[in-house]
Amino acid sequence: MDLRNGEMVDQAAEGPNSIYEMVVKDAAGDDVCLSTYKGKVLLIVNVASKCGMTSSNYTELNHLYSKYKDQGLEILAFPCNQFGDEEPGSNAEILDFVCTRFKTEFPIFDKIDVNGPNAAPLYKFLKLGKWGIFGDDIQWNFVKFLIDRDGNIADRYYPTTSPMTIEHDIKKLLGTP
């Protein structure tokens, strides 16, 4: 409980105030506190293995990760099967695919829903922003959310936005020339 304006407020009922208050599951089913990533720039992406955009997105995400991970970039990938049944595999199959085919080193998390009544709390939180033409729902695989070092949502990008086209925004948040 928290005291605000002289009234007791149940924080759990309100939901998290920060991305760092959230706990997600990794692909092995273990809890990961997002506070682990405090001070990092995050690129959070809902991914799929059988999408027409899979190869280009994983290739570019891998490039960004290898280029900027030592400067504070973390890419958090959340498999989702809500769009065209393009992520049908188990967590183990997804990991095998991305690690074998793309040599991905950034973390892959538990397969989740990003829309609807069973949407993961992380995605409910990410979609709270005033996204204008985006609306609330995630449109397809590979929607990208850029989070600054303080845990604030800096931007949201369409599924068709190439990861390399947001490199400038990532560099700005990292403070990299």
Side-chain angles (χ1 to χ4, degrees), residues 19-20 22-115 119-123 126 138-149 151 153-177:
I19 195 168
Y20 297 136
M22 308 197 82
V23 176
V24 296
K25 297 249 183 235
D26 65 16
D30 297 323
D31 286 344
V32 176
C33 297
L34 291 182
S35 62
T36 303
Y37 298 104
K38 268 188 180 176
K40 303 246 183 198
V41 170
L42 305 178
L43 187 60
I44 300 174
V45 186
N46 63 302
V47 297
S49 299
K50 298 184 182 306
C51 178
M53 298 182 288
T54 298
S55 185
S56 61
N57 270 272
Y58 270 109
T59 299
E60 292 184 22
L61 290 168
N62 284 335
H63 177 76
L64 288 171
Y65 188 65
S66 66
K67 188 171 180 179
Y68 296 107
K69 68 181 175 186
D70 292 337
Q71 296 167 49
L73 175 67
E74 285 292 339
I75 296 173
L76 311 182
F78 289 87
C80 177
N81 195 40
Q82 286 188 291
F83 307 103
D85 199 32
E86 294 180 343
E87 189 68 283
S90 67
N91 284 346
E93 291 168 328
I94 294 164
L95 278 174
D96 182 58
F97 174 78
V98 297
C99 294
T100 302
R101 179 158 179 207
F102 296 105
K103 309 293 186 238
T104 297
E105 295 180 4
F106 54 80
I108 308 294
F109 290 85
D110 188 30
K111 186 159 60 168
I112 60 167
D113 281 356
V114 296
N115 291 328
L122 171 62
Y123 271 80
L126 291 171
I138 302 299
Q139 303 85 10
W140 199 256
N141 305 306
F142 297 102
V143 169
K144 299 149 194 81
F145 288 91
L146 188 60
I147 313 297
D148 70 17
R149 290 183 186 269
I153 303 168
D155 217 332
R156 175 179 174 171
Y157 305 90
Y158 275 117
T160 53
T161 302
S162 156
M164 292 309 296
T165 64
I166 62 176
E167 182 177 18
H168 175 76
D169 296 342
I170 292 169
K171 287 171 61 173
K172 184 176 169 186
L173 292 179
L174 289 171
T176 304

Review point. With a 4.5 Å limit on heavy-atom distance, are the side chains of Asp26 and Pro107 in contact?
Key: no
Practice item. Would you indicate whether the side-chain heavy atoms of Ile112 and Val24 approach each other to under 4.5 Å? Key: no
Review point. Are Tyr37 and Ile147 close enough that some pair of their side-chain heavy atoms sits under 4.5 Å apart?
Key: no
Review point. What do the steps show when you test Lys25 against Asp31 for salt bridge (Lys or Arg N to Asp or Glu O under 4.0 Å), and what is the final call?
Key: CA-CA 5 Å; Lys25 297 249 183 235; Asp31 286 344; 2.6 Å; yes
Review point. Considering residues, nucleotides and ligands other than Lys38, do more than 12 of their heavy atoms fall under 6.0 Å from its NZ?
Key: no
Point to revise | Pair Asn141, Glu86: side-chain N/O donor-acceptor within cut-off below 3.5 Å | key: yes
Practice item. Rounded to the nearest 0.5 Å, what's the gap from CD1 on Ile44 to CG on Leu34? Could you check? Key: 6.5 Å
**Study point:** Straight-line distance of Leu95 CG to Phe109 CZ, nearest 0.5 Å
**Key:** 11.0 Å
Practice item. Working to the nearest 0.5 Å, report the span between CG of Asn81 and CG of Asn46. Key: 11.5 Å
Check your understanding: Looking only at atom types and distance, does a side-chain atom of Asn115 sit under 3.5 Å from a main-chain N or O of Ile138, one as donor and one as acceptor?
Key -> yes
Exercise for review: Using the side chain to side chain contact (heavy atoms under 4.5 Å, CB included) rule, take Phe83 and Cys51 through it: C-alpha gap first, then chi angles, then the decisive distance, then the call.
Suggested key: CA-CA 9 Å; Phe83 307 103; Cys51 178; over 6 Å; no
Point to revise | From Ile153 atom CD1 to Leu126 atom CG, the distance as rounded to the nearest 0.5 Å | key: 5.0 Å
Practice item. Verify side chain to side chain contact (heavy atoms under 4.5 Å, CB included) between Ile108 and Ile94, making sure each step is shown before the conclusion. Key: CA-CA 9 Å; Ile108 308 294; Ile94 294 164; 4.2 Å; yes
Practice item. Search all heavy atoms of Gln82 against all heavy atoms of Val114 and return the closest pair with its distance. Key: OE1-N, 2.6 Å
Review point. If you take all heavy atoms of Ser90 and Glu93, which pair is closest and at what distance?
Key: N-OE1, 2.7 Å
Review point. Is the shortest heavy-atom distance from the side chain of Leu173 to the side chain of Arg149 under 4.5 Å?
Key: no
Review point. Under the 3.5 angstrom rule, does the side chain of Thr54 hit a backbone N or O of Ala48 as a donor-acceptor pair?
Key: yes
Study note, to complete from the structure: Residues Pro159 and Met53: closest non-hydrogen pair is O-SD, 3.5 Å
Revision key, fill the gap. Separation between NZ (Lys40) and CG (Asp148), nearest 0.5 Å, reads 14.5 Å
Check your understanding: At their closest point, which heavy atom of Ser49 faces which heavy atom of Phe97, and how far apart are they?
Key -> OG-CD2, 3.4 Å
Solution key, residues 59-68 side-chain donor-acceptor pairs under 3.5 Å, sequence neighbours excluded:
from  : atom 1 : to     : atom 2 : distance (Å)
Thr59 : OG1    : Ser55  : O      : 2.7
Glu60 : OE1    : Ser162 : OG     : 2.3
Glu60 : OE1    : Met164 : N      : 2.9
Glu60 : OE2    : Ser162 : OG     : 3.4
Asn62 : OD1    : Thr104 : OG1    : 3.2
Asn62 : ND2    : Tyr58  : O      : 3.2
Asn62 : ND2    : Phe102 : O      : 2.8
Asn62 : ND2    : Thr104 : OG1    : 3.4
Tyr65 : OH     : Glu74  : OE1    : 3.4
Ser66 : OG     : Asn62  : O      : 3.3
Ser66 : OG     : His63  : O      : 3.1
Lys67 : NZ     : Glu167 : OE2    : 2.8
Tyr68 : OH     : Glu167 : OE2    : 2.4

Point to revise | Sole residue of Phe145, Phe142, Phe106 in side-chain contact (heavy atoms from CB on, under 4.5 Å) with Val45 | key: Phe142
Point to revise | Glu87 to Cys80 - nearest heavy-atom pair and separation | key: CB-O, 3.1 Å
**Study point:** Taking every non-hydrogen atom, the tightest pair across Gln139 and Val143
**Key:** OE1-CG2, 3.4 Å
Review point. Considering only heavy atoms from C-beta outward, does the side chain of Asn57 approach that of Val47 to under 4.5 Å?
Key: no
Check your understanding: Distance-only, no hydrogens or angles: does the Lys69 side chain make a donor-acceptor pair with backbone N or O of Ile75 under 3.5 Å?
Key -> no
**Study point:** Tyr157 vs Asp169, side chain to side chain contact (heavy atoms under 4.5 Å, CB included): CA-CA, chis, key distance, verdict
**Key:** CA-CA 11 Å; Tyr157 305 90; Asp169 296 342; 2.6 Å; yes
